[in-house]
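By convention in this document, chain letters (A, B, ...) are assigned in the order of the sequence lines, proteins followed by strands, and residues within each chain are numbered from 1.
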Amino acid sequence: MDLKFSVEDQQFREEARDWLNANVFKERRPHGGEAMRQYDLAWQRCQYEGGWAGVSWPKEYGGMGLGLTRQLIWYEEYARANAPDNHLCFVGLNHGGPTIIAHGSEQQKKEHLRPILAGDKIWCQGFSEPNAGSDLAALKTRAVIEGDELVVTGSKIWTSHGHLSDMQELLVRTDPDAPKHKGISWVIFDMKTPGLELRPIEIMTAPNHTHFVQCFYDEARVPLKNVVGKVNDGWSVAMSTLGFERGTAQIKDQIRYAFLVEEMIERARERYGDAFVKNDEFGARLAQLRADMAAARAMTYMVVSRAQHNVSPAMASLMRAMVGEVQQRVRRLAFDIIGADGLENPEDDDWVYFYLRTYSTTIAAGTSQIQRNIIGERVLGLPRSR
Amino acid sequence: MDLLPSAEQQQIIDTIKDFLVNEASVDRLREFSAIGNPDFELWPQLGELGFLGLGLPEDKGGVGLSAGEEMLVFQQFGYHLLSPAIFGIVLGARIAASAGEVELRDELLSGTMRVGLANSRGLAGGPRDYHLFEADEADVILLIEESNAALYPRDAFEQIARVNATDAVLVLERATLSNAARPRAEVPVKVDNVHARALMLMGAYAVGIGEGARDLAIEYAKVREQFGKPIGFFQAIKHMCADMAIRSEAALCQASFASLVIDEGSPDTNFHAVASKIVACETAIKNAADCVQVHGAFGFTAEANVHHYLKRAHVADLIWGSLREQRERILTFPTPA
Ligand SMILES: Cc1cc2nc3c(=O)[nH]c(=O)nc-3n(C[C@H](O)[C@H](O)[C@H](O)COP(=O)(O)OP(=O)(O)OC[C@H]3O[C@@H](n4cnc5c(N)ncnc54)[C@H](O)[C@@H]3O)c2cc1C
């Protein structure tokens with residue numbers, strides 16, 4: 001056990017901090033639409049041009065080729081500098097890109113990786129379907145091979161930022177007769193392909209907030225060379241993508257939330273005085289969150305430590321399950337602290353918006369229940385339910 | 001940065017685990033008798049193996065390892081529900097060493113002394129009223145408070161009265177610290193971060209209790225069958241077990257972090273020690289409660305070991321300030337780095 005970072009790591013930290021302090025966008029990130037897209041791309045481009053994009057991506061694809069520890073340090077400094085979360089770049093940087101790095105052909109790597117890092121292309125994730133959520137392998141969107149093309153017909157849903165995206169990582173069924181995990185392929189899909197229609201879906205945060213879309217594919221044609229990995233081997237390709245999401249991608253969020261708890265304590269003190277913070281109800285909740293956030297950070301360090309020792313990736317679901325729920329408690333407390341102000345939902349204040357937003361942290365990317373199935377079965381060795 | 005034990009640390013863990021599995025299986029608490037425990041017989045062996053002075057510098061009679069190793073070992077002590085008198089010995093030796101009481105220190109490190117714990121009864125008693133744990137035959141009694149840490153002779157306490165302990169395998173007394181009490185050794189808690197270290201180690205001990213309850217529940221969930229299936233097949237039980245694992249992971253990670261911070265002498269030492277005690281005690285109590293539920297009626301009996309974990313979790317919580325008091329404290333610290 002060791003908390004010390006090497007001299008080189010510390011040097012990296014200082015350089016990262018300096019660069020971030022000088023370059024972080026100061027303007028507020030727009031909540032939606034083309035403005036948000038332009039903002040996220042510009043900030044990604046800025047990181048790329050500064051040489052800071054893709055800390056753990058291989059050098060040959062424009063990344064920095066550094067290990068997970070540096071990734072952790074980068075995210076810590078990123079959160080400390082209050083750098084904006086460019087959520088629109090998340091799928092490209094954390095699923096699509098890493099999947100192509102792991103399973104893609106040379107041609108696919110050449111064509112797709114740099115635009116993700118450089119802030120030229122936004123990727124979205126087309127996995128879930130109306131009838132395939134937690135049971136992702138039940139997906140039915142069909143892709144029929146015709147010559148050197150795939151012809152896609154069906155529907156995806158909950159595609160975050162689908163309406164603002166250029167590319168999509170798409171899971172399709174290429175063999176309807178094979179067992180359900182066997183006949184799936186992982187495809188690079190261009191969102192400009194004819195035959196694709198989008199239906200925006202409003203989310204609960206406020207009227208007219210669109211976060212995700214439903215995608216309808218009507219004989220949309222995709223070059224066969226856009227299949228990543230082998231045809232019908234998409235399930236194992238997809239599982240490695242979800243692994244990225246469940247592993248390290250949360251570091252930044254977790255650190256941000258730790259800061260948020262501190263901010264809440266300050267805000268509550270300023271607003272209502274010290275007695276309020278010490279009030280049994282709020283005091284106990286704030287205190288427990290302070291302790292839990294410290295633990296969540298330690299868990300993040302453990303995830304990085306385990307990854308370095310190649311210990312079972314399923315263990316990362318321990319952190320994920322904990323962090324998603326702590327985030328909800330943090331935002332709920334923030335909401336309770338502002339009291340009657342919580343009945344107002346102004347555009348220029350985030351506390352209500354983010355309170356409502358955290359109802360998704362126990363649903364997206366594997367619900368808490370699915371996380372617990374994974375922990376029970378793969379970590380603790382309890383009998384499988386299916 | 002690496003939060004996992006090193007190869008050497010793993011060796012220490014394996015050694016203490018082996019020792020405790022052979023010498024202190026939790027079944028001993030059932031077999032020994034309804035009241036009391038045989039753990040004092042282990043102290044000389046633990047002394048010989050070096051586990052009592054693990055984190056003390058060599059020039060102070062110890063093994064010269066860090067708070068990290070101490071944390072890992074106390075985690076195992078908790079896992080086997082070792083008598084909390086072990087805190088009296090290990091922390092007592094540190095206090096004696098810091099106070100320059102070399103003879104007392106070495107006697108403690110040899111494991112031949114009986115050491116009790118004094119713990120404030122808080123709002124339940126007056127300012128000088130204490131509970132004494134495992135102190136009926138104690139040579140010295142450890143008392144750690146927010147300002148001082150000291151070892152007192154038993155006769156420093158008055159009006160000693162034996163009470164039935166909720167955790168019945170521990171000997172519990174009420175007592176009042178006499179006005180004339182003179183410690184055999186005393187240091188301000190700032191010396192060596194004794195107070196933070198005590199909280200951190202109690203956190204580690206509680207991590208062990210929570211893991212013990214977790215493992216007992218999982219084991220049972222794999223073998224107990226109802227409706228033709230192991231009960232761990234049912235999600236209600238599976239998810240309860242997963243919850244125990246999630247809590248235990250949080251508690252262990254924070255305990256590891258807190259122990260490393262102490263060694264660095266970081267200004268956040270107190271913050272992380274308190275955070276560790278909060279998360280670990282909450283984990284220990286909740287895991288033990290869930291462990292009862294997973295066992296059904298068997299969990300409600302004294303024939304199962306389950307109730308020992310629950311009761312010891314409450315002991316760990318109440319020593320050196322319960323969740324309520326620690327939550328009050330954690331809000332007083334500045335933002336950690
Ligand atoms: C904000 C947000 C963004 C998202 N973005 C994307 C995206 O970009 N791309 C994409 O493909 N998907 C996305 N999703 C979809 C997400 O992956 C799914 O919502 C998730 O996998 C759950 O599926 P579902 O919503 O169909 O719920 P269901 O699977 O229908 O689950 C409903 C309830 O049943 C429970 N349940 C289901 N099966 C079990 C079981 N075996 N055991 C116990 N309980 C069970 C669930 O836990 C849940 O409580 C997003 C979701 C959200 C909320």
**Item:** Gap separating the CE atom of B/Met1 from the OG atom of A/Ser6, nearest 0.5 angstrom
**Value:** 11.0 Å
**Asked** Do the side-chain N and O atoms of B/Asp2 and A/Gln308 include a donor-acceptor pair separated by under 3.5 angstrom?
**Response** no
**Fill in**
So, the part of B/Ser276 with a heavy atom under 4.5 Å from chain A: the answer is neither
**Message:** So, taking the atom named CG in A/Leu380 and the one named CD1 in B/Ile218, what distance separates them when rounded to the nearest 0.5 Å?
**Reply:** 4.0 Å
**Asked** Tell me, side chain or backbone of A/Val311 under 4.5 Å from chain B's heavy atoms, or both, or neither?
**Response** side chain
**Message:** Does B/Phe257 form a side-chain contact (heavy atoms from CB on, under 4.5 Å) with A/Arg297? I'd like the steps, not just the answer.
**Reply:** CA-CA 9 Å; B/Phe257 200 94; A/Arg297 176 191 187 189; 3.9 Å; yes
**Item:** Distance in Å, B/Asp243 CG paired with A/Glu325 CD, rounded so as to fall on 0.5 Å steps
**Value:** 7.0 Å
**Prompt:** Would a 4.5 Å heavy-atom cut-off, applied to side chains only, mark B/Pro336 and A/Arg290 as touching?
**Reply:** yes
**Prompt:** Which pair of non-hydrogen atoms, one from A/Ala284 and one from B/Arg327, has the smallest distance, and what is that distance?
**Reply:** O-CD, 3.7 Å
**Asked** A/Lys4, A/Met322, A/Glu266, A/Gln288: which one forms the most heavy-atom pairs within less than 4.5 Å of chain B?
**Response** A/Gln288
**Request:** Please state whether the side chain, the backbone, both or neither of B/Met71 comes within less than 4.5 Å of a heavy atom of chain A.
**Result:** side chain
**Request:** Provide the closest heavy-atom pair for B/Ala275 versus A/Ala294 in the form atom of the first, atom of the second, distance.
**Result:** CB-CB, 4.1 Å
**Prompt:** Which heavy-atom pair separates A/Ala298 from B/Leu3 by the least distance, and what is that distance?
**Reply:** O-CD2, 3.1 Å
**Message:** For the CZ atom of B/Phe234 and the CG atom of A/Leu382, what is their distance to the nearest 0.5 Å?
**Reply:** 12.5 Å
**Prompt:** Say you draw a straight line from CG of B/Asp263 to CG of A/Leu3; how long is it, rounded to the nearest 0.5 Å?
**Reply:** 9.5 Å
**Request:** For the pair B/Lys238 (side chain) and A/Pro383 (backbone), establish whether a donor and an acceptor sit closer than 3.5 Å, ignoring hydrogens and angles.
**Result:** yes
**Asked** CE/A/Met1 to OG/B/Ser6 distance, rounded to the nearest 0.5 angstrom?
**Response** 8.0 Å
**Which atoms of A/Gln369 approach chain B - backbone, side chain, both or neither, heavy atom under 4.5 Å** = both
**Prompt:** With chain A, which of B/Ala258, B/Pro334, B/Ser259, B/Ala255 has the greatest number of heavy-atom pairs at distances under 4.5 Å?
**Reply:** B/Pro334
**Item:** Taking every non-hydrogen atom, the tightest pair across B/Ala242 and A/Gly376
**Value:** CB-N, 4.3 Å
**Request:** State whether B/Glu249 and A/Arg306 are salt-bridged, where the test is any N-O pair (Lys NZ or Arg NE/NH1/NH2 against Asp/Glu carboxylate O) under 4.0 Å.
**Result:** yes
**Asked** Given that the side chain runs from C-beta out, which part of B/Leu72 has a heavy atom under 4.5 Å from chain A: side chain, backbone, both or neither?
**Response** side chain
**Request:** Please flag which part of B/Val261 lies under 4.5 Å from any non-hydrogen atom of chain A: side chain, backbone, both or neither.
**Result:** both
**Complete:** Per-residue tally against chain A (heavy atom, under 4.5 Å) across B/His272, B/Met240, B/Gln9 peaks at B/Gln9
**Fill in**
In terms of heavy-atom pairs under 4.5 Å with chain A, the winner among B/Thr332, B/Ile278, B/Leu323, B/Ile330 is B/Ile330
**Asked** More than 12 heavy atoms of other residues, nucleotides or ligands under 6.0 Å from CD of B/Gln10: is that the case?
**Response** yes
**Message:** Looking at chain A, which one of B/Glu264, B/Arg324, B/Glu328 has the largest number of heavy-atom pairs inside 4.5 Å, strictly under?
**Reply:** B/Glu264
**Request:** Report yes if the side chains of A/Ile375 and B/Ile246 come closer than 4.5 Å at any heavy-atom pair, otherwise no.
**Result:** yes
**Contact summary for A/Ser385 and B/Gln235, nearest pair of heavy atoms** = OG-CG, 4.1 Å
**Asked** Where on B/Glu282 is there a heavy atom nearer than 4.5 Å to chain A: the side chain, the backbone, both, or neither?
**Response** side chain
**Item:** Contact origin within A/Ile265 toward chain B - heavy atom pairs under 4.5 Å
**Value:** side chain
**Request:** Return the option, out of B/Ser66, B/Ser248, B/Ala337, with the maximum number of heavy-atom pairs under 4.5 Å with chain A.
**Result:** B/Ala337
**Message:** Testing the basics here: between B/Val279 and A/Ala291, what is the closest heavy-atom pair and its distance to 0.1 Å?
**Reply:** CG2-O, 3.6 Å
**Message:** Is there a side-chain contact between B/Phe233 and A/Arg384 in this structure, where contact means two heavy atoms from C-beta onward sitting under 4.5 Å apart?
**Reply:** no
**Complete:** So, the part of A/Arg285 with a heavy atom under 4.5 Å from chain B: the answer is neither
**Prompt:** Are the side chains of B/Gln254 and A/Met299 in touch, meaning some heavy atoms are under 4.5 Å apart?
**Reply:** no
**Request:** Count the heavy atoms belonging to other residues, nucleotides or ligands that lie under 6.0 Å from CD of B/Glu219, then report whether that count exceeds 12.
**Result:** no
